[in-house]
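Everything on this sheet refers to the single structure shown next.
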Protein chains: 2
Amino acid sequence: MPRKPEQKRKQATLADVAQMAGVSIATASKALNGRSQVKAETRARVFEAAEKLKFSPNAMAQNLLTGRSGTIGLVTHDLDGRFSIPTLMGAEDAAGHGRTSVLLCDARGDALRERYHLQALLGRRVDGLIVVGARPDPRSSLGTLPVPVVYAYAPSTDPRDTSIVTDNVAGGRLVAEHMLACGRRRIALVTGDPEYGAAHDRVAGAREVLDRDGAEVVPSEPLYGTWSEEWGRTAAGLVINQHPDVDGIICGSDQIARGVLDTLRESGRKVPDDVAVTGHDNWEILAVNARPQLTSVDMRLEELGRQAAELLFAAIDGRTTKGGHVVTPRLVPRASTGPRVSG
Amino acid sequence: MPRKPEQKRKQATLADVAQMAGVSIATASKALNGRSQVKAETRARVFEAAEKLKFSPNAMAQNLLTGRSGTIGLVTHDLDGRFSIPTLMGAEDAAGHGRTSVLLCDARGDALRERYHLQALLGRRVDGLIVVGARPDPRSSLGTLPVPVVYAYAPSTDPRDTSIVTDNVAGGRLVAEHMLACGRRRIALVTGDPEYGAAHDRVAGAREVLDRDGAEVVPSEPLYGTWSEEWGRTAAGLVINQHPDVDGIICGSDQIARGVLDTLRESGRKVPDDVAVTGHDNWEILAVNARPQLTSVDMRLEELGRQAAELLFAAIDGRTTKGGHVVTPRLVPRASTGPRVSG
DNA sequence: GTCTAGGCCGAAAGCCTTTTCGGTATCGTA
DNA sequence: TACGATACCGAAAAGGCTTTCGGCCTAGAC
């Protein structure tokens with residue numbers, strides 16, 4: 001049984017405005033929309049009436065005409081996570097600057113829920129979709145949809161789709177170059193879950209730079225584990241045991257770096273004097289509260305979200321943007337790295 | 001100049017389905033919506049056609065009829081903050097269980113931007129609004145709007161509005177009772193910015209319990225400062241200097257508690273053996289990584305968001321829910337508190 | 001065989017706005 | 001005075017869907 005909504009009186013419609021202003025609906029419409037075929041005095045009357053009735057045009061009726069809803073769908077998989085949110089913010093921001101609104105859905109990594117939300121969004125005639133992944137590994141394509149789709153953070157496996165991701169290889173290069181600039185020559189690589197492509201990419205970028213410059217990677221193989229402080233503590237113990245002369249540790253995440261810092265401090269090593277440490281993700285609450293504060297790589301997720309929205313708008317306007325796009329991360333140097341101080 | 005959208009062929013319409021099935025539009029509609037006046041065989045034909053054409057009904061047209069959009073607006077003021085997000089999640093979750101979608105806007109604490117987004121949402125004929133504040137202090141009402149509004153986290157100053165908030169006084173009571181249960185009798189209260197009502201409420205709740213039980217509050221006046229680790233470190237120093245026999249410190253936030261823990265550890269005090277410490281907010285990344293892990297108060301923000309949505313749906317259905325509603329927080333005991341061990 | 005009831009189906013109105021196009025009034029000019 | 005031009009305004013259609021209501025047909029009853 002459908003319940004009656006509480007609205008005492010319906011929202012004012014254009015017809016009401018027209019009647020109050022003593023003009024036709026058509027004229028009222030033209031007046032409010034700034035069309036030129038209305039006498040100034042008439043226009044004023046219409047505006048006055050609209051004001052008095054608190055008229056606001058029914059977007060649903062407008063969109064029925066234009067065929068566009070002025071709405072985009074944003075499907076996230078990680079609403080509680082710290083990666084989706086900045087991306088979401090960037091997209092919302094970019095959309096708000098135009099006149100489009102964002103319909104938000106959280107599918108929580110569940111493909112079924114994703115399909116369900118997709119149906120709802122398509123029924124609402126969104127003009128386009130942004131799909132934000134929970135982790136940067138590629139995900140299966142949604143296939144051909146009646147509206148353009150941009151995959152953000154997690155790219156689509158199908159190269160014909162439009163995707164935008166952070167450049168983890170470049171992130172790896174950034175910290176490695178920074179380490180070298182700080183005069184470090186024996187560097188350990190400690191990273192997280194080897195199931196994550198990001199772990200490998202960041203290592204690959206760092207390795208490329210270190211090898212090119214002839215710096216020593218100790219141990220020669222990077223240490224994979226989990227994305228946790230715990231693993232950071234453990235791994236740091238392994239490294240300083242086997243290679244007491246290590247002078248830099250590049251970590252795959254800020255969490256790992258926090259653990260590494262703990263072990264180094266407890267083993268009496270000074271950071272950055274003895275060993276420089278870098279994190280990844282620039283998770284401020286961790287990086288800034290670390291002792292010393294942690295040099296990290298910022299993936300510029302908000303920028304990523306913004307660009308995702310821009311790509312989507314371009315696609316909606318018919319300017320095609322297929323393929324992979326990349327946001328270059330930036331280094332945020334803090335106290336955990338610095339020129340080597342002998343002693 | 002309006003650009004042409006890329007859509008090669010328009011979405012299938014009900015008319016297309018009807019034509020393919022060899023029935024009228026009316027019959028097609030009735031068939032798809034499960035109305036009873038359609039022969040089973042006809043219905044099957046219609047469904048088949050709809051399937052083939054990937055028909056999905058145009059929600060904008062449907063809503064034009066019903067006058068309801070199946071959409072609620074969610075205006076947040078703190079999209080990057082950790083308080084809005086869980087609330088948002090809860091609301092999205094509650095909405096998704098029905099068949100309503102969430103339009104998300106971030107006003108960033110700017111009243112002007114709020115009005116702008118409000119207009120956009122009302123134009124889109126949202127069925128209702130949830131306004132999520134950035135901090136728990138009361139905010140000015142939006143006044144009478146054509147749709148129901150629920151204020152979440154930050155209540156409206158107008159008691160005729162519907163608001164839902166966390167019970168900070170109860171949160172204060174919770175930790176105080178826990179301290180007493182752990183046998184603590186000389187307890188310090190360290191909290192944040194006195195501009196925040198939450199700071200006072202939490203203190204008031206704790207004080208009420210401590211006074212009732214005759215426990216000693218040292219110093220007799222709570223220490224107000226900022227919501228930072230820095231202040232936590234400073235305040236803890238003050239407390240143990242003036243009252244070396246303190247055996248419990250109730251902190252107004254997890255950040256403050258982290259700072260307090262640092263100072264206690266560095267001064268040689270054992271937690272919880274010598275001094276028990278509690279935080280507030282249950283910000284897991286802080287509470288769980290603290291040493292020892294931090295007992296805290298969880299505000300159940302996700303539940304708050306869920307209930308906000310429920311209240312809104314009730315109001316939309318005409319069941320009025322004016323006034324203030326409250327979500328009771330819960331204690332999350334961890335290692336930083338425990339029975340006093342003489343030592 | 002005729003009449004009626006009931007089961008199916010379709011025409012059309014309505015939701016709210018925009019836009020086109022035709023109509024009216026006004027004005028200047030010949 | 002009359003004509004064309006110009007400036008305003010309004011009727012109506014369109015957009016996709018739901019719902020009402022009347023019409024048709026079939027089957028069963030007399």
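Note on naming: letters A, B, ... go to the chains in the order of the sequence lines (proteins, then strands), and numbering restarts at 1 for each one.
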For this session: With a 4.0 Å heavy-atom cut-off, tell me which residues in residues 21-28 of chain A come close to DNA chain D, sorted by residue number.
Result: Val23(A), Ser24(A), Ala26(A), Thr27(A)

For this session: Strictly below 4.0 Å, heavy-atom distances to any atom of DNA chain D: list the hits from residues 46-64 of chain B, or just say none.
Result: Phe55(B), Pro57(B), Asn58(B), Ala61(B), Gln62(B)

[X] has an atom [atom1]; how far is it from atom [atom2] of [N], in whole Å?
X         : N       : atom1 : atom2 : result
Arg68(A)  : dT18(C) : CZ    : P     : 16 Å
Gln11(B)  : dC17(D) : CD    : C1'   : 14 Å
Lys30(A)  : dG22(C) : NZ    : C1'   : 11 Å
Glu41(A)  : dA25(C) : CD    : C1'   : 15 Å
Leu65(B)  : dG16(D) : CG    : P     : 14 Å
Arg124(A) : dG16(D) : CZ    : P     : 18 Å
Asn33(A)  : dC9(D)  : CG    : P     : 15 Å
Asp16(A)  : dC15(C) : CG    : C1'   : 13 Å

Problem set entry | Nearest heavy atoms of Glu92(B) and Arg108(A), plus distance in Å | OE1-NH2, 4.0 Å

Exercise. What heavy-atom pair brings Gly70(A) and Asp127(A) nearest, and what distance separates the two atoms?
Worked result: N-OD2, 2.8 Å

Problem set entry | side chain to side chain contact (heavy atoms under 4.5 Å, CB included) partner of Leu129(B), chosen from Ile72(B), Leu118(B), Leu103(B) | Leu118(B)

Seminar exercise, completed: Checking Val327(A), Leu311(A), Asp93(A), Leu301(A) against Arg306(A) for side chain to side chain contact (heavy atoms under 4.5 Å, CB included), the one that qualifies is Asp93(A)

Problem set entry | Tyr196(A) six-ring centre to Arg135(A) NZ/CZ under 6.0 Å and within 45° of normal | yes

Exercise. Going by atom types alone, do Asn63(B) and Ser69(B) pair a side-chain donor with an acceptor below 3.5 Å?
Worked result: no

For this session: Indicate whether the side chain of Asp158(B) and that of Ser141(B) have a donor and an acceptor atom separated by less than 3.5 Å.
Result: no

Exercise. Which nucleotide in the set dT17(C), dG10(D), dT18(D) lies at the smallest distance from any side-chain heavy atom of Leu14(B)?
Worked result: dT18(D)

Seminar exercise, completed: Considering only heavy side-chain atoms of Gln37(A), the closest of dC9(D), dT17(C), dT18(D) is dC9(D)

For this session: Check every strand shown and say whether Ser29(A) touches a base, only sugar-phosphate, or nothing at a heavy-atom separation below 4.0 Å.
Result: base

For this session: Using ring-ring contact (aromatic ring centres under 6.0 Å, His included) as the criterion, list what pairs up with Phe55(A), not counting sequence neighbours.
Result: none

N/O (side chain, [X]) to phosphate O (OP1/OP2, [N]) under 4.0 Å:
X        : N       : result
Thr42(A) : dC9(D)  : yes
Arg35(A) : dT19(C) : yes
Thr66(B) : dT18(D) : no

For this session: Would you give the length of the straight line joining atom CE of Met20(B) to atom CZ of Arg45(B), rounded to the nearest 0.5 angstrom?
Result: 12.5 Å

